[in-house]
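Order of the sequence lines fixes the chain letters, A, B, ..., with proteins taken first and strands second; residue numbering starts at 1 for each chain.
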Protein chains: 2
Amino acid sequence: MDDLTEMLKGTLEGCVLEIIGSEETYGYAITRRLNDLGFADVIEGTVYTILLRLERNGLVQVTKRPSEVGPPRKFYALNEAGRDELAKFWAKWQYVSTRIDRLKEGRR
Amino acid sequence: MDDLTEMLKGTLEGCVLEIIGSEETYGYAITRRLNDLGFADVIEGTVYTILLRLERNGLVQVTKRPSEVGPPRKFYALNEAGRDELAKFWAKWQYVSTRIDRLKEGRR
DNA sequence: ACCACTATACGGTATCACCGAGTAGCGGGA
DNA sequence: TCCCGCTACTCGGTGATACCGTATAGTGGT
């Protein structure tokens, strides 16, 4: 699927929140997970900017742990504010996606 | 529903294409249609920037017609390139929305 | 004369995903 | 030993997009 970047604006951050929320994990693994999901063109740099933003906005708790196969990893977990933000994201997604599907179906 | 602007990035233009594609219409009416659809905060200025972009990108055919209740209206209709773009938009939407729903359901 | 509604245009802003380059740890093959 | 590939993160800058504020202007009602 060709260029999805514009359509992912506003949703990719939510996807990252969801991934972190389901399991404490780190940037490189999150990127691989997104790629496996079908967002093949999402690259490390993009995920790291999102993670730094989440940290700056106080939505995550960060723990640095050594790795056996490379440099140390920064593990991310949602805090209370992060869980709230994730819930808001899914509410928005539900709202928007149902309305766009409605437009697609030609209903008003 | 509070601020949806970030989530609408990349999709609002497609919505406008769909509306134009279903019926030759003009900016002000498109804005009202979007508001009725549930995108209450979308404002005229936003729609006009999209319409000017569509015109600049050669996706629409424009016809100016007088109105009985105000200034003249610019009616927009999709041309061949516009219909192609609309089809691409719905393909992308299908691709992205199914994958995000899949993530939401916890399936991989 | 004023105001509300209709209708469009345009310069500037914020946010976001993305790009490119850099730094760094680890292991395997020539 | 030296290079390469994979892992892992950072940061400055870019382009696209929706939005904001303001301006302009036609029509009809009070």
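- Here the rule is side-chain contact (heavy atoms from CB on, under 4.5 Å) with A:Leu51, and of A:Val62, A:Ile20, A:Val60 only A:Ile20 fits it.
- B:Lys9 contributes no side-chain N or O that forms a donor-acceptor pair with the base of C:dA17 under 3.5 Å.
- The stretch residues 79-93 of chain A has no heavy atom under 4.0 Å from DNA chain C, so no residue of it qualifies as close.
- In this structure A:Lys92 satisfies the salt bridge (charged side-chain N to carboxylate O under 4.0 Å, His left out) test with no other residue, sequence neighbours excluded.
- For residues 2-29 of chain A, the set of pairs meeting the ring pair (Phe, Tyr, Trp, His ring centres under 6.0 Å) definition, not counting sequence neighbours, comprises A:Tyr26-A:Phe75.
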What are the atom names and distances for every N/O pair under 3.5 Å that joins the protein to nucleotides 18-28 of chain C?
from, atom 1, to, atom 2, distance (Å)
C:dC18, OP2, A:Thr46, OG1, 3.4

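- Residue-level contact check: B:Leu52 touches the backbone only, with heavy atoms under 4.0 Å from sugar-phosphate atoms and none from bases.
- Among C:dA17, C:dT15, C:dA9, the nucleotide with an atom closest to any side-chain atom of A:Ile50 is C:dA17.
- Closest approach of A:Leu54 to A:Val16, counting heavy atoms only: CD1-CG1, 4.0 Å.
- The listed nucleotides are D:dC9, C:dT8, D:dT17; the one nearest the side chain of B:Tyr48 is C:dT8.
- In this view, B:Arg56 satisfies the salt bridge (charged side-chain N to carboxylate O under 4.0 Å, His left out) rule with no residue, not counting sequence neighbours.
- No contact: B:Leu51 has no heavy atom under 4.0 Å from any strand.
- Every residue two or more places apart in sequence or in another chain was checked for a salt bridge (charged side-chain N to carboxylate O under 4.0 Å, His left out) with B:Glu18, and none qualifies.
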